[in-house]
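Naming convention: chains lettered A, B, ... in sequence-line order (proteins, then strands); numbering from 1 in each chain. Model, not experiment: these values are computed from the prediction.
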Protein chains: 2
Amino acid sequence: MATGRTHRPATRSRGIPEATVARLPLYLRALTALSERSVPTVSSEELATAAGVNSAKLRKDFSYLGSYGTRGVGYDVEYLVYQISRELGLTQDWPVAIVGIGNLGAALANYGGFASRGFRVAALIDADPAMAGTPVAGIPVQHTDDLDRIISDNGVSIGVITTPPGAAQQVCDRLVAAGVTSILNFAPTVLSVPEGVDVRKVDLSIELQILAFHEQRKAGEDASGTDEGAPPMRATPNGRKGPDGDMPAVMPA
Amino acid sequence: MATGRTHRPATRSRGIPEATVARLPLYLRALTALSERSVPTVSSEELATAAGVNSAKLRKDFSYLGSYGTRGVGYDVEYLVYQISRELGLTQDWPVAIVGIGNLGAALANYGGFASRGFRVAALIDADPAMAGTPVAGIPVQHTDDLDRIISDNGVSIGVITTPPGAAQQVCDRLVAAGVTSILNFAPTVLSVPEGVDVRKVDLSIELQILAFHEQRKAGEDASGTDEGAPPMRATPNGRKGPDGDMPAVMPA
DNA sequence: ACCTGTGAAGCCCTTCACAGCC
DNA sequence: GGCTGTGAAGGGCTTCACAGGT
């Protein structure tokens with residue numbers, strides 16, 4: 001989900017649909033597991049199951065990359081691992097900077113899955129001077145004042161923001177100014193970035209709210225009226241209302 | 001993204017599109033900020049900007065909930081906050097259990113944004129007996145052996161999995177058996193769940209890989225051939241290949 | 001004059017179903 | 001016989017553009 005200052009129209013980069021790109025990492029993970037078990041080939045059906053998608057979708061996805069399978073046989077595991085890795089840009093090293101070394105930032109710094117795919121935590125940055133020098137996950141925390149230099153020196157183009165929401169936009173601006181063009185944002189804030197900068201967001205609270213929505217549906221299959229707490233009165237009451245759970249109103253007979 | 005054992009066909013619950021549900025939390029956050037600044041009403045244009053979407057989409061989204069605006073004026077902030085909260089099921093309390101209290105689990109337990117929206121960390125569960133009793137974020141960690149009882153006693157219906165990937169499916173099965181019907185999975189694993197159970201996943205590594213894909217595009221606008229490392233040989237070489245970066249091949253004149 | 005609510009159009013993605021190849 | 005690759009159909013979401021209400 002790339003949110004930019006200018007709403008880029010879902011830039012389908014070189015013909016590969018965004019939805020497909022988002023699934024390539026899933027395929028790669030499944031393929032890597034097969035590779036470790038020394039499985040030589042895999043069918044679209046098997047691989048699709050392992051990745052949690054259906055096989056038609058998988059074959060369509062792969063068709064955007066090229067004709068990498070063999071009819072009647074399936075896909076060569078090692079070959080596909082290489083092709084997908086290359087397509088995702090994982091054959092090169094990506095230095096990443098994490099800004100905001102609180103609980104979450106520290107957890108990410110310690111996260112093993114990071115390094116496994118060409119990503120390398122090149123720098124940890126925090127605004128608290130007291131943290132400067134203290135190593136987290138073996139990497140010394142550096143102060144925000146040096147952000148520009150740190151980004152430049154390490155050739156960082158991907159930044160991870162794990163600051164409190166209030167600081168996120170400012171940090172984002174500084175990262176972009178220093179040359180970062182991809183941002184992973186964990187702060188619950190809408191970031192504004194210039195065109196050409198990608199932002200993806202991860203928001204725990206949003207995920208839970210979506211789950212709660214569906215959870216509520218499951219529970220309220222028949223028991224409808226769970227009216228707790230007084231709904232605030234409408235500024236301008238009008239005729240049509242929502243489907244249910246609305247203001248007490250006279251039911252039309 | 002609800003991944004189930006049976007692929008539910010994007011269950012549009014009571015007519016509200018899934019895409020709309022996923023944006024309601026964004027609107028709610030923007031509205032809450034306006035509410036705290038005591039702004040009484042807001043136009044679709046203003047609110048859309050604050051939420052990082054365009055106004056047509058926002059109006060369409062709200063139209064699924066009902067006619068909650070006033071033409072020529074806009075939307076009443078307090079009223080909308082209530083309606084969206086109710087729609088998302090946030091007018092009730094949601095006890096949540098976190099399983100796997102490593103760095104990430106602890107970070108989530110400490111995360112403030114949790115409690116702000118009706119979610120309450122009711123239990124922390126870990127397989128390490130040494131952790132039992134130790135409080136994290138003021139909540140004592142309990143042992144996995146008691147998982148069933150803990151879930152039941154607290155009426156937990158939403159579980160968060162922050163275990164290592166190897167343990168995720170097993171923990172998931174136990175959560176479901178104990179009555180959990182919504183799962184937020186941070187482990188890089190495809191979870192199998194019975195029908196009726198929702199799974200949403202958050203995967204840092206996948207997000208980074210998607211960013212890397214686009215990042216690679218930006219960098220390689222002209223400089224194409226970044227060939228490092230030998231690509232593994234294909235089991236069965238064939239005719240058609242991928243668009244570029246493939247095996248060295250004779251170019252057709 | 002202004003802003004919402006919504007049919008209609010367009011786009012993207014998924015799914016089907018089968019031709020093509022091993 | 002089996003499995004991939006892909007046109008075509010179908011469905012959902014976004015965007016447009018304007019009718020309708022205040």
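- If you measure from atom CD of B/Q83 to atom C1' of C/dG5, you get 16 Å, rounded to the nearest angstrom.
- Counting to the nearest Å, the P atom of D/dT6 and the CG atom of A/L58 are 14 Å from each other.
- For the ring-ring contact (aromatic ring centres under 6.0 Å, His included) condition, no pair includes a residue of residues 33-56 of chain A, sequence neighbours left out.
- OP1 or OP2 of D/dT4 lies within a sub-4.0 Å distance of a side-chain N or O belonging to A/S44.
- In this structure, the CD atom of B/E45 is 15 Å from the P atom of D/dA17, given to the nearest Å.
- In this structure, of C/dT14, D/dT4, D/dT15, it is C/dT14 that holds the atom nearest to the side chain of A/K57.
- A search for side-chain contact (heavy atoms from CB on, under 4.5 Å) contacts involving B/S43 returns B/E45, B/E46, not counting sequence neighbours.
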Tabulated below should be each protein N or O lying under 3.5 Å from an N or O of nucleotides 18-21 of chain D; please produce it.
unit_1	atom_1	unit_2	atom_2	d
D/dG20	N3	B/R71	NH1	3.0
D/dG21	N2	B/G72	N	3.4

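- The nucleotide whose nearest atom lies closest to any side-chain atom of A/T70 is, among C/dC13, C/dT6, C/dC22, C/dC22.
- In terms of the salt bridge (Lys or Arg N to Asp or Glu O under 4.0 Å) criterion, residue partners of A/R23 (sequence neighbours excluded) are, by chain and number, A/D61.
- Between the NZ atom of B/K60 and the C1' atom of D/dT15 there is a distance of 9 Å, rounded to whole Å.
- A/E215 places no side-chain N or O within donor-acceptor distance of the main-chain N or O of B/W94, the cut-off being under 3.5 Å.
- Here D/dC13 presents its C1' atom at 15 Å from CD1 of B/I16, a figure rounded to the nearest Å.
- In this model, the phosphate group of D/dT15 is approached by a side-chain N or O of B/N54 to a distance below 4.0 Å at OP1 or OP2.
- We find that CG of A/D76 is positioned 16 Å from P of D/dC3, with the value rounded to whole Å.
- Computed from coordinates, the B/E18 CD to C/dC13 C1' distance equals 16 Å when rounded to whole Å.
- Side chain of A/Y64, nearest nucleotide from D/dC13, D/dC3, C/dT14: C/dT14.
- When rounded to the nearest whole Å, the span between CG of B/L65 and C1' of C/dT6 equals 15 Å.
- Residues forming a side-chain contact (heavy atoms from CB on, under 4.5 Å) with B/A48 (at least two apart in sequence, or on another chain): B/V53, B/S55, B/L58.
- Qualifying ring pair (Phe, Tyr, Trp, His ring centres under 6.0 Å) partners for A/Y27, counting only residues two or more places apart in sequence or in other chains: A/F62.
- Centroid-to-centroid, the aromatic rings of A/Y68 and A/Y75 stay 6.0 Å apart or farther.
- The side chain of A/Y75 contributes an N or O atom lying less than 4.0 Å from OP1 or OP2 of D/dG5.
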